[in-house]
Amino acid sequence: MAKVFSLTTVTVVIENDNHPMITIGGAGKLLGSVGYEYEKDMYSMDSSPDGGYVGNFNGSKQGKVKVLFKQTSFHIAELTEFCLWARANPSLALSKITITDSLGNIAATCNGCLPVRIPANTVGETAGTREFEFVSGEIISEEKNV
């Protein structure tokens with residue numbers, strides 16, 4: 001059976017024990033994209049002039065989560081409010097972000113997340129986009145489940 005993973009079936013949940021949960025996603029919510037990436041390479045290679053080499057391993061799971069919206073999405077106000085709250089409450093701001101499909105299959109769990117900034121807002125001839133970015137202390141990719 002084919003698995004469908006599209007913006008109409010993706011849900012992003014931001015959980016913080018000190019702030020109301022934020023749920024993003026579903027059809028018609030003007031969500032442009034959702035993504036995550038690791039900040040560091042797992043492996044790198046060093047070599048020496050005499051032909052020797054060594055493989056280096058980095059176990060860091062630090063990374064970024066990005067959520068892009070059309071400028072008119074109602075989620076913009078929710079996330080802007082969350083960013084303002086996090087700025088006013090830095091000691092309480094660490095959050096968890098979970099990306100799932102409509103069946104609840106987890107694509108990624110991101111722990112120790114903080115918003116980077118409120119994205120720029122430019123008004124033009126047509127509706128633009130705004131991308132919210134979060135840094136994450138630990139991203140656990142669970143794509144095998146989707």
Side-chain angles (χ1 to χ4, degrees), residues 1-47 54-146:
M1 177 161 108
K3 294 183 179 181
V4 176
F5 198 65
S6 74
L7 287 176
T8 60
T9 63
V10 171
T11 301
V12 177
V13 177
I14 302 172
E15 297 176 81
N16 183 299
D17 292 338
N18 304 291
H19 188 277
M21 183 168 59
I22 298 172
T23 303
I24 299 164
K29 303 296 190 287
L30 300 175
L31 182 60
S33 65
V34 174
Y36 65 91
E37 64 181 331
Y38 292 100
E39 200 65 27
K40 307 281 184 188
D41 294 338
M42 285 189 298
Y43 291 96
S44 64
M45 190 67 69
D46 285 330
S47 63
V54 62
N56 303 302
F57 172 71
N58 185 333
S60 173
K61 295 179 183 174
Q62 175 187 344
K64 293 181 180 179
V65 178
K66 297 179 181 182
V67 185
L68 180 82
F69 298 97
K70 279 294 193 185
Q71 194 171 19
T72 53
S73 172
F74 71 89
H75 288 306
I76 301 259
E78 266 185 308
L79 285 175
T80 298
E81 185 278 326
F82 178 76
C83 291
L84 292 171
W85 174 84
R87 178 182 287 161
N89 299 280
S91 63
L92 304 175
L94 279 176
S95 302
K96 175 181 172 181
I97 298 176
T98 308
I99 303 169
T100 61
D101 69 6
S102 59
L103 299 175
N105 296 314
I106 297 173
T109 301
C110 309
N111 297 308
C113 296
L114 296 165
V116 173
R117 73 182 66 79
I118 296 171
N121 186 15
T122 304
V123 178
E125 187 176 326
T126 60
T129 58
R130 295 182 73 189
E131 183 175 64
F132 285 82
E133 183 177 314
F134 297 83
V135 291
S136 176
E138 176 188 50
I139 296 176
I140 302 166
S141 175
E142 302 180 59
E143 291 184 46
K144 63 188 176 294
N145 296 326
V146 220

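Each residue takes its place number in the sequence, starting with 1. All figures in this text were calculated on a predicted structure; none of them were measured in a lab.
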Visitor: Going by side-chain hydrogen bond (donor to acceptor under 3.5 Å, both in side chains), name the pairs with one or both residues in residues 131-140, residues two or more places apart or in two chains.
Guide: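 Residue pairs with at least one partner in residues 131-140: Lys64-Glu133, Asn111-Glu138.
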
Visitor: Write out all pairs satisfying salt bridge (charged side-chain N to carboxylate O under 4.0 Å, His left out) with one or both partners inside residues 80-97, taking only residues at least two apart or from two chains.
Guide: none

Visitor: Sort out for me which residue in Asn16, Asp17, Asn18 forms a side chain to side chain donor-acceptor pair (under 3.5 Å) with Ser95.
Guide: Asn16

Visitor: Who are the salt bridge (Lys or Arg N to Asp or Glu O under 4.0 Å) partners of Lys40, not counting sequence neighbours?
Guide: none

Visitor: Kindly state each residue pair satisfying ring pair (Phe, Tyr, Trp, His ring centres under 6.0 Å) with at least one member in residues 84-113, sequence neighbours excluded.
Guide: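 Qualifying pairs: His19-Trp85, Phe82-Trp85.
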
Visitor: Is Asn56 close to Asp41 at the side-chain level, that is, under 4.5 Å between some pair of heavy atoms?
Guide: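 Contact flag for Asp41/Asn56 side chains = no.
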
Visitor: Grab the two heavy atoms, one from Arg130 and one from Pro119, that are nearest each other, plus how far apart they are.
Guide: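 Smallest interatomic distance, heavy atoms only, reads NH2-O, 2.8 Å.
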
Visitor: How far apart are the closest heavy atoms of Tyr36 and Ala108, and which atoms are they?
Guide: CE2-CB, 3.5 Å

Visitor: Evaluate Ile97 against Val13 for side-chain contact (heavy atoms from CB on, under 4.5 Å), listing each step before the verdict.
Guide: CA-CA 6 Å; Ile97 298 176; Val13 177; over 6 Å; no

Visitor: Answer whether the closest heavy-atom distance between the side chains of Glu142 and Asn105 falls below 4.5 Å.
Guide: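 SC-SC contact between Glu142 and Asn105 ruled out.
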
Visitor: To the nearest 0.5 Å, how far apart are CE in Met21 and OG1 in Thr98?
Guide: 9.5 Å

Visitor: Pairs in or reaching into residues 94-141: which pass ring pair (Phe, Tyr, Trp, His ring centres under 6.0 Å), with residues at least two apart or in two chains?
Guide: none

Visitor: Would you check if Thr129 and Lys70 make a side-chain contact, meaning some heavy-atom pair closer than 4.5 Å?
Guide: yes

Visitor: So Ile76 and Gln71, do their side chains get closer than 4.5 Å, heavy atoms only?
Guide: no

Visitor: Are side-chain heavy atoms of Leu79 and Ile24 found at a separation under 4.5 Å?
Guide: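 Touching, per the 4.5 Å side-chain cut-off.
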
Visitor: Can you name the salt bridge (Lys or Arg N to Asp or Glu O under 4.0 Å) partners of Glu125, sequence neighbours left out?
Guide: none

Visitor: Which atom names give the shortest non-hydrogen contact between Thr23 and Glu78, and what distance separates them?
Guide: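 So the two residues come closest at O-OE1, 4.4 Å.
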
